[in-house]
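Below is one structure; the comments refer to it alone.
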Amino acid sequence: MASAQNTTPPLDAESTAALAATGLEYALVDVEGEAFPAFLSSVARGFLGEEPTKEQVENSRDGLRGRRLVGVYDRAGDQPEAPVATVDSWVSELTVSPGRTIPLWSISAVTVAPTHRRRGIATAMLTGELRAAAAAGFALAGLTVTEATIYGRWGFSPAAWASNVTVDTRRVRWTGPVAPGRLDFVARESLTARLAAVHERIRVQRPGAVPGWDNRWRGIAGLTPEAPDAKKVRAVTYTDTSGVERGILVYTIAEREEYTEHELQVRALFADGDEALAALWRFALEHDLVGKVTAELQPAVPPVQWMVSDRRAVTATLTDHHWLRILDVPGALASRAYSGPLDLVVGVEDALGFADGAWRVRIGADGEASAERTDVAPDVWMPVGSLASLLLGGVRATELATAGLVRGTGEDLAAIDAAFAPAATPLLDIWY
Ligand SMILES: CC(C)(COP(=O)(O)OP(=O)(O)OC[C@H]1O[C@@H](n2cnc3c(N)ncnc32)[C@H](O)[C@@H]1OP(=O)(O)O)[C@@H](O)C(=O)NCCC(=O)NCCS
């Protein structure tokens with residue numbers, strides 16, 4: 001497996017040249033420097049947010065230390081110091097099998113000013129990120145997306161899905177396990193550390209997950225400057241009978257005209273184990289004066305539907321959530337543990353070149369994979385995005401084949417399905 005060496009790769013020369021040819025400057029932005037407030041303003045504008053206050057700038061500066069911030073500047077414009085495009089990236093870690101992780105080049109804050117859209121700036125930035133990450137030794141890049149139409153063209157494809165869950169609490173009675181531990185309200189100021197501690201334990205067990213960071217937890221806790229609804233944020237923890245804090249629920253309650261329709265909105269529900277999961281969901285569903293509970297980023301088939309008297313009171317809307325891009329086929333495939341043996345030549349079509357070609361993929365009886373380039377004709381074919389979608393086992397090769405996104409014999413596809421079956425369904429439980 002390629003090991004990631006360089007955590008702040010230099011700017012890609014090809015993208016620098018492509019942008020320069022249209023009069024634009026591609027530049028790293030120093031988080032401590034004078035260029036940072038304008039960078040943040042451009043990001044806020046891109047995501048339709050308000051102009052950041054000084055306090056918010058300082059808070060973001062703290063939160064973005066260690067990241068690689070890149071701006072694209074049009075120095076001929078009226079605000080030459082404000083980038084017309086932005087991207088932010090950093091070294092993260094993706095869980096690929098329970099207990100196994102791989103370095104991940106994470107990408108966020110992709111914006112292009114409305115005045116400069118549709119002239120190839122996003123293409124230059126994204127391909128620049130991919131070339132820089134590949135050169136630095138990363139096998140995978142990843143992102144979460146606002147629109148599903150943008151990133152497929154650069155070889156990203158969904159690898160973990162999540163559901164938005166709504167429960168009509170007036171229709172349900174708790175039929176799930178009764179947890180023996182205790183629930184306690186805890187202070188908002190303590191939430192950053194508490195969320196980090198529980199999440200850090202669960203994310204290494206769940207394929208598709210990545211670690212959070214302090215500003216992500218502060219946002220959930222309503223501790224960032226001028227956070228909307230901050231004063232409504234409440235939190236309870238679950239502590240097991242041996243005194244270990246195993247779970248945390250952070251929520252707000254939105255009041256409606258009619259008290260039976262008040263809505264408990266889950267901002268985070270992290271459970272290290274089944275007891276904590278049952279205890280926290282039960283707390284939410286049995287909360288007085290609440291008619292509805294909503295929670296984002298839950299498992300595709302949410303466990304809570306097995307814990308209530310009327311499962312149809314639980315609705316789950318599935319959406320793609322974690323998009324991955326394979327940069328190094330042997331590195332990506334060798335990272336996880338597999339469920340069965342395989343020996344196939346896989347042809348990968350990658351217009352950007354990183355993964356393009358025929359790969360002999362072998363998975364041994366021990367569930368460990370290796371891949372190497374070969375001249376042998378492929379048994380199965382797929383675009384690079386399909387390989388990313390298959391990687392964590394969140395979708396089967398036979399399902400992608402139905403859509404023409406994998407091509408091969410039924411026997412070879414079934415062998416891939418058996419080998420790639422995941423030990424746990426992939427899930428990413430935060431935005432990044
Ligand atoms: C999405 C965004 C970054 C694209 O920037 P851009 O510089 O206009 O993109 P490019 O000119 O490089 O276009 C690349 C391709 O994507 C297409 N495209 C761009 N934005 C698209 C969108 N929102 N939906 C569908 N296609 C889109 C272009 O048509 C072009 O297609 P082509 O490759 O077939 O020619 C920009 O519109 C933006 O900042 N949007 C608001 C913020 C946002 O949504 N960011 C994404 C966060 S996940």
> Any idea which heavy atoms bring A358 and V345 closest together, and the distance?
Replying inline: CB-CG1, 4.0 Å
> By ring-ring contact (aromatic ring centres under 6.0 Å, His included), which residues pair with W431, not counting sequence neighbours?
Replying inline: H321
>> Please find the pair of heavy atoms, one from A160 and one from L427, that lie closest to each other, and give the distance.
In response: CB-N, 4.0 Å
>> Using every non-hydrogen atom in the two residues, find where Y73 and A35 come nearest and quote the distance to one decimal.
In response: OH-CB, 4.3 Å
> Got a sec, which residues hit salt bridge (Lys or Arg N to Asp or Glu O under 4.0 Å) with D74, two or more places apart in sequence or on another chain?
Replying inline: none
>> Using side chain to side chain contact (heavy atoms under 4.5 Å, CB included), reason through L277 and M307 one step at a time and then give a plain yes or no.
In response: CA-CA 10 Å; L277 188 77; M307 301 178 188; 3.9 Å; yes
> Which side chain to side chain donor-acceptor pair (under 3.5 Å) pairs, counting each pair once, include a residue from residues 136-156, with sequence neighbours left out?
Replying inline: none
> Under 3.5 Å, side chain of D272 to main-chain N/O of I202, donor-acceptor pair present?
Replying inline: no
> Atom OG1 of T192 and atom CZ of R216: how far apart are they, to the nearest 0.5 Å?
Replying inline: 12.5 Å
> Are any of the side-chain heavy atoms of F270 and I430 separated by less than 4.5 Å?
Replying inline: yes
> Any idea which heavy atoms bring A401 and L413 closest together, and the distance?
Replying inline: CB-CD1, 3.5 Å
>> Can you tell me if D62 has over 12 outside heavy atoms packed within less than 6.0 Å of its CG?
In response: yes
> Going through the checks in order, is the side chain to side chain contact (heavy atoms under 4.5 Å, CB included) test met by N164 and T294?
Replying inline: CA-CA 7 Å; N164 291 338; T294 53; over 6 Å; no
>> Looking at every heavy atom in both G71 and P83, which two are closest together, and how far apart are they?
In response: CA-CB, 4.0 Å
> Donor-acceptor pair, T101 side chain versus E93 backbone, under 3.5 Å?
Replying inline: no
> Ion pair present between E245 and R194, side-chain N to carboxylate O less than 4.0 angstrom?
Replying inline: yes
> For the side chain of T169 and the backbone of G291, is there at least one donor-acceptor N/O pair under 3.5 Å apart?
Replying inline: yes
> Just wondering, do L333 and L342 contact through their side chains at under 4.5 Å, heavy atoms?
Replying inline: no
>> For residues 32-59, which residue pairs pass the side chain to side chain donor-acceptor pair (under 3.5 Å) check, not counting sequence neighbours?
In response: E32-R65, S41-E51, T53-Q56, T53-E226, E58-R61, N59-R218
>> Strictly distance-based, threshold 3.5 Å: is any side-chain N or O of T22 a donor or acceptor partner for the main-chain N or O of L19?
In response: yes
>> Under the salt bridge (charged side-chain N to carboxylate O under 4.0 Å, His left out) definition, can you give me all pairs with a residue in residues 228-239, not counting sequence neighbours?
In response: none
>> Counting C-beta onward and ignoring hydrogens, is there a side-chain heavy-atom pair between S386 and S157 closer than 4.5 Å?
In response: no
> Is any side-chain heavy atom of R267 closer than 4.5 Å to a side-chain heavy atom of L249?
Replying inline: no
>> I'd like to check the salt bridge (Lys or Arg N to Asp or Glu O under 4.0 Å) partners of E81; sequence neighbours left out, ordered by chain and number.
In response: none
>> Nearest 0.5 angstrom please: I102 CD1 to L94 CG, how far?
In response: 7.5 Å
> Hey, does the side chain of R188 reach the backbone of G222 with a donor-acceptor pair shorter than 3.5 angstrom?
Replying inline: yes
> Who pairs with Y26 by ring-ring contact (aromatic ring centres under 6.0 Å, His included), at least two apart in sequence or on another chain?
Replying inline: none
> Got a sec, which residues hit side chain to side chain donor-acceptor pair (under 3.5 Å) with E399, two or more places apart in sequence or on another chain?
Replying inline: none
> For the atom pair CG (L390) and CZ (R396), what is the distance rounded to the nearest 0.5 Å?
Replying inline: 11.5 Å
>> Please evaluate residues T86 and D88 with respect to the criterion side chain to side chain contact (heavy atoms under 4.5 Å, CB included), reporting the C-alpha separation (whole Å), side-chain torsions for both, the decisive distance (0.1 Å), and the verdict.
In response: CA-CA 7 Å; T86 61; D88 152 14; over 6 Å; no
> Can you tell which of W90, F156, F138 makes a ring-ring contact (aromatic ring centres under 6.0 Å, His included) with W105?
Replying inline: F138
> Between L140 and I326, is any pair of side-chain heavy atoms under 4.5 Å apart?
Replying inline: yes
>> Determine whether a donor-acceptor pair (N or O, by modelled atom type, separation under 3.5 Å) exists between the side chain of R100 and the backbone of S335.
In response: yes
>> Check whether D350 reaches the backbone of A355 with its side chain - one donor and one acceptor, N or O, closer than 3.5 Å.
In response: yes
> Under the 3.5 angstrom rule, does the side chain of H322 hit a backbone N or O of G208 as a donor-acceptor pair?
Replying inline: yes
>> Is there a side-chain contact between V384 and F354 in this structure, where contact means two heavy atoms from C-beta onward sitting under 4.5 Å apart?
In response: no
Considering only distance and modelled atom types, tabulate donor-acceptor pairs under 3.5 Å from the side chains of residues 311-318, sequence neighbours left out.
from : atom 1 : to   : atom 2 : distance (Å)
R311 : NH1    : Q305 : OE1    : 3.3
T315 : OG1    : T166 : O      : 3.4

>> If we count only N and O atoms by modelled type, under 3.5 Å, do the side chains of S15 and R131 hold a donor and an acceptor together?
In response: yes
>> Among residues at least two apart in sequence or on other chains, which ones pass side chain to side chain donor-acceptor pair (under 3.5 Å) with R373?
In response: none
> Got a second to check how far I248's CD1 is from L195's CG, nearest 0.5 Å?
Replying inline: 4.5 Å
>> Does L191 form a side chain to side chain contact (heavy atoms under 4.5 Å, CB included) with I220? I'd like the steps, not just the answer.
In response: CA-CA 9 Å; L191 294 184; I220 288 173; over 6 Å; no
> Should the ring pair F185 and F283 be called parallel, tilted or perpendicular, given that the plane angle runs from 0 to 90° and is split at 30 and 60?
Replying inline: perpendicular
> Testing Q205, H199, E200 for side-chain hydrogen bond (donor to acceptor under 3.5 Å, both in side chains) with R203, which one passes?
Replying inline: E200
> Which residues satisfy the side chain to side chain donor-acceptor pair (under 3.5 Å) test with R117, sequence neighbours excluded?
Replying inline: none
> Is Y432 reaching over with its side chain to a backbone N or O of G142, donor-acceptor style, under 3.5 angstrom?
Replying inline: yes
> To the nearest 0.5 Å, how far apart are CG in L428 and OG1 in T95?
Replying inline: 10.0 Å
> Which residues satisfy the side chain to side chain donor-acceptor pair (under 3.5 Å) test with S108, sequence neighbours excluded?
Replying inline: none
> Are any non-hydrogen side-chain atoms of I107 and W323 less than 4.5 angstrom apart?
Replying inline: no
>> In the structure I gave you, are the side-chain heavy atoms of V31 and R67 within less than 4.5 Å of one another anywhere?
In response: no
> Run the salt bridge (Lys or Arg N to Asp or Glu O under 4.0 Å) check on E349 and R407 step by step: do they pass?
Replying inline: CA-CA 12 Å; E349 296 137 4; R407 304 186 302 278; 2.8 Å; yes
> Got a second to check how far D412's CG is from D379's CG, nearest 0.5 Å?
Replying inline: 5.0 Å
> Can any side-chain N or O of R75 pair as donor or acceptor with the backbone N or O of G23 at less than 3.5 Å?
Replying inline: no
